[in-house]
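Worksheet for the structure shown next.
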Amino acid sequence: MSLPVSVLPEGDKMIHLKTNTRMATCNLSSPMYNMMLILAGTEEEIAMRRTEMDICDYLYNQMTTVPLHRRTVGSVKEGLRMKSSDMDTLYFMTDQHVVGDLTDALSYDPATETVILMEYQEHIPGTVYLHIIHMHASIKGISTKSCIQKNSHTYLSSELFLENARSIYYGHNVTKHGPCQTNTVVENEYDGAVGFAGRKWPMQANDWITRCLKFGWPEKQIVESILSSGCNFVPIGSRQSRQDNDPNLDLEWRLSFVQAEQALVRVVNHSQFLCYALLKIFLKEVLNKDVKEEEKLLCSYFLKTAMFWCIQTDSTYKWSTETFFQGFWKCYKLLLKWVYTGYCPNFFIPQNNLFVCKIVGADQERLFTQMYHLYCSGERCLAKCSSLRKLMNKYLVDPQACEVSAYISFGEYDHDSVVYNSMQSINGLLNQELRYDWKSLYNVCHMDVSNLSNFEQILITRHVINLYHRIAFVEQCYCHCKTKCNRNRQTYEKHKKVGVTLLRLTSEFGCASDPLYLALFHYIDGKFRHSLNILEETKPKLYQDYIFYWTEYRNKQPYEREMLGKPMSIKMKAAMAFDITILLSTEFSELDIEIWLIKESKLRRCLVISPFVLLHFLTFLCHHHLASPLAAQSLGELHTLVHADNGRYIVYYTRDIAWDILGICHHLSGNLNQALLDYYSSLQQTTFHFITEAVKRRILLLQIELQVQNKS
């Protein structure tokens, strides 16, 4: 490719021959560092977010109903929560093991475990064949459907495996994306890959060990920990083989070093980590701005690779607040050099060119020209980032004005916000196919919590509360068929007593919204006055101005005024509310159509309702069954809430069920025309619960009822 004459490669450096471009000094580094603290997070905040995902992965793997464990990967696992942050997931079989040589196969039980031998392909770095040595008789599913024969041996086909893996995903609009399946939920995309785990470090990456010892990064103990974690294998062949139409393409599996990469991200200092975050912002807001997804040439993995190489190969460079911009520039120049040469060496297997068949020809020239023009503009290129424009404009007008920046602290309110968001992630496990039962409760109650931090114990406690909720309603369902039940009355009362006891505990020690589960339990059991008493006590607590409910409308000043300095248990009980999750096995007759059709569609495992909507819904239903004149008042409050809410009390993805519930209430009260309008409003909301068919059925039933009413 042709190259601007002002840039020439020299060894491992990029020489810029123009000298009229003013480069940034430490004037920019400190304010830019502080800006990244705001955008990406402080060191303590990042550490808490990483712990949150570690706990979620641990709990998922403890409760999974199949021999399939997960490992969260991507920016969210690394601790970032920016708009572009992705949460990808790697699943791997726990009863199927990849070994490096046949002697390792002796470590596994052939009666219960499958052994797979990785076969290196020297001509395709970073790729292996997976040769099945032994497949245990009881295995069923993805692997057995993905076998092909070659030279009288059995291999796993990556192409067949990727196609068959689609069956494990629970959701809507699942599509293939590289080695992953992309699942679209409420306009957000989540990538998940199913593969295998290997305990041994692959021989192809042994040179990485030598390089680590040579440069001294990472430290020896970190290297040893990484080596013991092994690697993973994901179902996709190399781009080169795909371009060459290699007949063995479907035999190729890519080596994945996600565990090693996560370990390296966690040992970089905070200046280095924020530099990585800045690179991601620059990629999204400048390099990939207005570029279609399928036309993007650079990805965040290349940025991470560049940062690792810069850190490892230049131990003399001191990454700090004062040199923050220079660190970013160092990584950018290396990336620019790679685009120029068309070669991005994988950090673990340098012979594996990450740019192969991707950044080539006219695309390579166009990308280099874009990046080179930005390079020539020096620090001014950052002004093109919308997130940084205000700071950069101020700096470019008067660099001295940015020299002193206020210290960005991580206060008590910020800490509590992270705790709340982390508990949301724990609640998110409720929509997974997991075992929320007595066995799971037994396991978590016998965990050794002596080495856990207070933050980790809070997350485990939230999980236990969710277990109590699930078990209570399962207990209620056991004998809810009442007179048709073959069990005697004593057994029925025993199950109910267990459920009530569990829910009373969660009401006492849980969050502000948790008493609604007990109110729902009593309502389903026909104890309407019991339910009303709980609802009346809960209502004023939920409507405090300092309550935490999602993020957009948190009132910092009231929260600090009322909650600062108090124990976390009190803050959770008085000031934190969560959506209410209702099992599809729950005997909630007013939502029977929705529950039945969602269960039939297999698109979701639960209903998620705003606590404020459920509060007024249950209040109306109780008064309605008691024939109380207060039913009209409670319906009016629900009507006002749904119609007037701007997101403070009803999160956008629960608005479909909120409008549906309002329609049900108007229907029960006899206001059929208003019910019809509400049902149509439900159909116009963002589809989250996949209740479209249920709402359409309600509309049809309502129209029939209106026709009968009009005839009479």
Side-chain angles (χ1 to χ4, degrees), residues 469-485 487 492-493 495-496 499-500 503 515-535 579-601 604-611 613-628 630-632 634-635 638 642 654 656-672 674-676 678-679 682 689-702 704-705:
H469 290 158
R470 282 292 181 93
I471 292 171
F473 283 98
V474 169
E475 289 290 325
Q476 187 180 45
C477 291
Y478 276 155
C479 288
H480 203 262
C481 42
K482 296 185 178 177
T483 56
K484 295 180 182 179
C485 183
R487 297 182 177 90
Y492 175 59
E493 291 299 328
H495 283 291
K496 281 203 305 180
V500 170
L503 294 179
L516 293 176
Y517 286 97
L518 182 56
L520 176 61
F521 190 95
H522 282 315
Y523 171 76
I524 292 173
D525 200 38
K527 296 181 178 179
F528 306 125
R529 297 194 186 278
H530 282 73
S531 183
L532 279 173
N533 289 337
I534 296 167
L535 294 168
D579 290 324
I580 304 301
T581 302
I582 298 177
L583 282 170
L584 296 183
S585 59
T586 305
E587 299 284 341
F588 199 168
S589 59
E590 283 75 17
L591 292 174
D592 57 351
I593 297 177
E594 287 76 8
I595 289 173
W596 182 71
L597 287 177
I598 293 173
K599 195 186 298 183
E600 286 292 307
S601 69
R604 282 193 62 79
R605 298 183 178 90
C606 59
L607 283 174
V608 180
I609 303 175
S610 161
V613 171
L614 186 66
L615 172 78
H616 294 293
F617 185 31
L618 290 178
T619 303
F620 166 77
L621 291 175
C622 289
H623 286 307
H624 177 74
H625 283 288
L626 293 171
S628 167
L630 294 175
S634 56
L635 176 54
L638 177 60
V642 176
T654 64
D656 58 346
I657 191 70
W659 280 99
D660 183 38
I661 285 171
L662 181 60
I664 291 169
C665 292
H666 278 299
H667 196 163
L668 290 172
S669 68
N671 192 346
L672 304 188
Q674 184 60 53
L676 192 61
D678 295 334
Y679 289 145
S682 176
H689 287 96
F690 305 106
I691 58 172
T692 301
E693 292 304 315
V695 176
K696 287 180 178 178
R697 183 166 298 190
R698 287 194 180 276
I699 290 173
L700 180 61
L701 294 172
L702 186 56
I704 294 171
E705 192 172 340

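In this structure Y679 satisfies the ring pair (Phe, Tyr, Trp, His ring centres under 6.0 Å) test with no other residue, sequence neighbours excluded. With sequence neighbours excluded, the residues satisfying side chain to side chain contact (heavy atoms under 4.5 Å, CB included) with L630 are H623, S628, Q633.
Of all heavy-atom pairs between F617 and C665, the closest is CD1-SG, 3.4 Å. In terms of heavy-atom proximity, V500 sits nearest to L518 at O-CD1, 4.3 Å. The nearest pair of heavy atoms linking I598 to I691 is CD1-CG2, 3.6 Å. Contact detail for A472 and L503: the closest heavy-atom pair is CB-CG, 3.6 Å. Here the closest non-hydrogen pair linking D656 and F690 is OD2-N, 4.5 Å. When all heavy atoms of L621 and E590 are compared, the closest pair comes out as CD2-CG, 3.7 Å.
E600 is not listed as a side-chain neighbour of E693, based on a closest heavy-atom distance of 4.5 Å or more. The shortest distance between side-chain heavy atoms of V613 and I657 does not fall below 4.5 Å. Residues D579 and P611 meet the side-chain proximity criterion, which asks for heavy atoms closer than 4.5 Å. Looking only at side-chain heavy atoms (C-beta outward), L668 and F620 come within less than 4.5 Å of each other. No side-chain heavy atom of S585 sits under 4.5 Å from any side-chain heavy atom of F473. Two residues are said to be in side-chain contact when any heavy atoms from C-beta on lie closer than 4.5 Å; L591 and I664 meet this criterion. Between L700 and K696, the closest side-chain pair of non-hydrogen atoms is not below 4.5 Å.
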Worksheet entry | I534/L618 under side-chain contact (heavy atoms from CB on, under 4.5 Å): CA gap, chis, key distance, verdict | CA-CA 11 Å; I534 296 167; L618 290 178; over 6 Å; no
Item to complete: Kindly indicate, with the supporting measurements, whether the criterion side-chain contact (heavy atoms from CB on, under 4.5 Å) is fulfilled by W659 and V695.
Response: CA-CA 10 Å; W659 280 99; V695 176; over 6 Å; no
Item to complete: Quick one: do N671 and L635 satisfy side-chain contact (heavy atoms from CB on, under 4.5 Å)? Show the steps, please.
Response: CA-CA 11 Å; N671 192 346; L635 176 54; over 6 Å; no
Worksheet entry | Test log, rule side-chain contact (heavy atoms from CB on, under 4.5 Å), inputs L701 and I593 | CA-CA 11 Å; L701 294 172; I593 297 177; 4.1 Å; yes
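To the nearest 0.5 Å, the span separating CG on L607 from CD1 on I661 amounts to 8.0 Å. Considering OH of Y517 and CD1 of I582, their distance stands at 8.0 Å, rounded to 0.5 Å. The structure places CD1 of I609 at 9.0 Å from CG of D660, a figure rounded to the nearest 0.5 Å. Summarising the geometry, atom NE2 belonging to H616 is positioned 11.5 Å from atom CG belonging to L662; distances are rounded to the nearest 0.5 Å. Residue T581 holds its OG1 atom at 13.0 Å from CZ of R605, rounded to the nearest 0.5 Å. Atom CD1 of I699 and atom OG of S682 lie 8.0 Å apart (nearest 0.5 Å).
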For residues 526-533, run the donor-acceptor check on the side chains, cut-off 3.5 Å, and write out each pair with its distance to 0.1 Å, sequence neighbours left out.
residue: S531; atom: OG; partner: A519; partner atom: O; Å: 2.8
residue: N533; atom: ND2; partner: R529; partner atom: O; Å: 3.3

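When each of R604, R697, R698 is paired with E594, the salt bridge (charged side-chain N to carboxylate O under 4.0 Å, His left out) condition holds for R698 and for no other. Under the side-chain contact (heavy atoms from CB on, under 4.5 Å) rule, L535 has a single partner from L516, L614, L520, which is L516.
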